[in-house]
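This report concerns only the one structure given below.
The sequence lines fix the lettering, A, B, ..., with proteins before strands; numbering per chain opens at 1.
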Amino acid sequence: MPEGPELHLASRFVSRVCAGVVFSGLVEKSEVSKNSEVPFTCDAYCITATSRGKEVRLTLTPIKEEGEPHGGKACQPMDIVFRFGMSGFFRFTAGSELPKHAHLRFYTNETPRRALSFVDVRRFGSWEPNGDWQTDRGPCVMFEYQTFDKPICEVMLNQKYFNGIGNYLRAEILYRLKISPFMKARTVLHGLLPKKRELLEVKPEQGQCQPLQDSEMSLSKKIKMKMESPDILDLCHSVPMEVINMGGKGYDPEKPDDYSTFQAWLQCYYVPGMKSLRDHNGRTIWFQGDPGPLAPKVSKSPKAKRKGKKQGEDKTDKQQGVKGEPPAKGIKKEKEGAQNKRVKSHSESKKTKENKRKGSRSSEGRKQKSKLEREEDAPGTAVPRSQHQRSMQTKSEKDS
DNA sequence: GTGTCATGCTCGCTGAGCCTGACACT
């Protein structure tokens, strides 16, 4: 059941049923659950919920009673972040009729009392008292969709999407693609979608569109096309590989201070004549040409202020924006930051490997699905056919 | 009664294991 939409609906359910309801006392955990106790107790509190991706956050907020003495033992609000595993959900029932597998219970202060329960049949779900959204999760596909409206140069430094790309690589890649650094990431990535004519081939004799089979385009033709017009993903692979192939003459030269090979290879980053701007995260992006529609408003650099003009304002100036310092100096300056970046990349590579494994596992799972299931699984279908059939059968059996 | 499968995630390794319930099959 629980994917993003289900978790969001669960948060709405909690907020709806708990609106105006006062909860009281301890938060009760089932004995069998291995999750941690929730160290929260309060005479009167309310519950609200929000969601982000596959997480739901319950906020327990104490209600201040009138006449409560100041300086008394006041309860503190608490956030509890839930992950639903394979079978988690919330139910609001009478306290005497707790659902089976209700592993965390919040009781109302009414008589008879009612209970909001976190129900989890398989116990793969978890909760984290005083928790927050997991930091290694990407943006919520439902409510942080606008993340992809950020400039491509900023998205490229997000290691969740481009694990391994740093400041010099993004500059080189965008330069080679002739892409404005402040173009919307969505626009650039949308360009990766196959064009209609590549996806569909009209067979006049049938009057139908058929998917173009891989085999219908020869491998050599594909390679030729790729070499002629590589896309951003191609370059995110090939450009770093070029650096690797420099051996000991790349960014971290084996000979101290011998940046000559690397400098000769750079086409944009710190190259005299190229422009540079600070992106919205304060990182300097090097580029050529128009910065793009989302470029930040340029504040006057001290030099420009003295000259009385904004960066990039003077169209006659071929070097719009901040001109680069001599390459070697700039490279050395960047090295510290790059080293930090490498440490971060290392810690994140673990996650990437996991994701790859998951991907391969899920594809295995798909292979195991029957042909019927594959054909009838519609995008967004919450219940797989096999399980859906089972539950429907169960229901009909019960009904009968 | 047994085996398999299910929408997630972690550990520590490239799959196994955590869990329960429903269903198919013998």
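- A:F82 has its CZ atom 15 Å from the P atom of B:dC9, to the nearest Å.
- The side chain of A:K100 lies closest to B:dG21 when the candidates are B:dG21, B:dT20, B:dC18.
- In this structure, A:E55 and A:H101 both approach DNA chain B, and ranking their closest nucleotides by distance from the 5' end singles out A:E55.
- Counting to the nearest Å, the C1' atom of B:dA16 and the CZ atom of A:F124 are 12 Å from each other.
- Summarising the geometry, the separation between CG on A:D120 and C1' on B:dC18 is reported as 11 Å, rounded to the nearest angstrom.
- Using C1' as the reference atom, B:dT26 and B:dC13 are 37 Å apart when rounded to the nearest Å.
- What separates CH2 of A:W127 from P of B:dC9 is a distance of 16 Å, to the nearest Å.
- Nucleotides B:dG17 and B:dT4, compared at atom P, are 15 Å apart to the nearest Å.
- Set against B:dG8, B:dT20, B:dC9, the side chain of A:V121 has B:dT20 as its closest nucleotide.
- With distances taken from any side-chain atom of A:K54 to the nucleotides B:dG21, B:dT20, B:dC9, the minimum falls on B:dC9.
- In this structure, a donor-acceptor pair under 3.5 Å is present between the side chains of A:D120 and A:S87.
- Spacing of C1' atoms, B:dT14 relative to B:dG3, comes out at 26 Å, to the nearest Å.
- Rounded to a whole Å, the CZ atom of A:R122 is 9 Å from the C1' atom of B:dG8.
- A gap of 30 Å separates the P atoms of B:dC11 and B:dA22, to the nearest Å.
- When atom types are taken as modelled, the side chain of A:E172 and the backbone of A:L169 share no donor-acceptor pair closer than 3.5 angstrom.
- At the phosphate of B:dG8, neither OP1 nor OP2 sits under 4.0 Å from any side-chain N or O atom of A:Q134.
- Linking Ile, Leu, Val, Met, Phe, Trp and Tyr whenever their side-chain heavy atoms come within less than 4.5 Å puts A:M183 and A:F162 in one cluster.
- In this structure a side-chain-to-backbone donor-acceptor pair under 3.5 Å is present from A:N167 to A:T284.
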In sequence, state the C-alpha distance, the side-chain angles, and the governing distance for A:F118 and A:F84, and then conclude on ring-ring contact (aromatic ring centres under 6.0 Å, His included). CA-CA 9 Å; A:F118 177 63; A:F84 281 20; 5.4 Å; yes

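- Take the nearest nucleotide of DNA chain B for A:R123 and for A:R83: the residue whose nucleotide is more 5' is A:R83.
- Nearest to the side-chain atoms of A:E3 among the listed nucleotides B:dG8, B:dC9, B:dG21 stands B:dG8.
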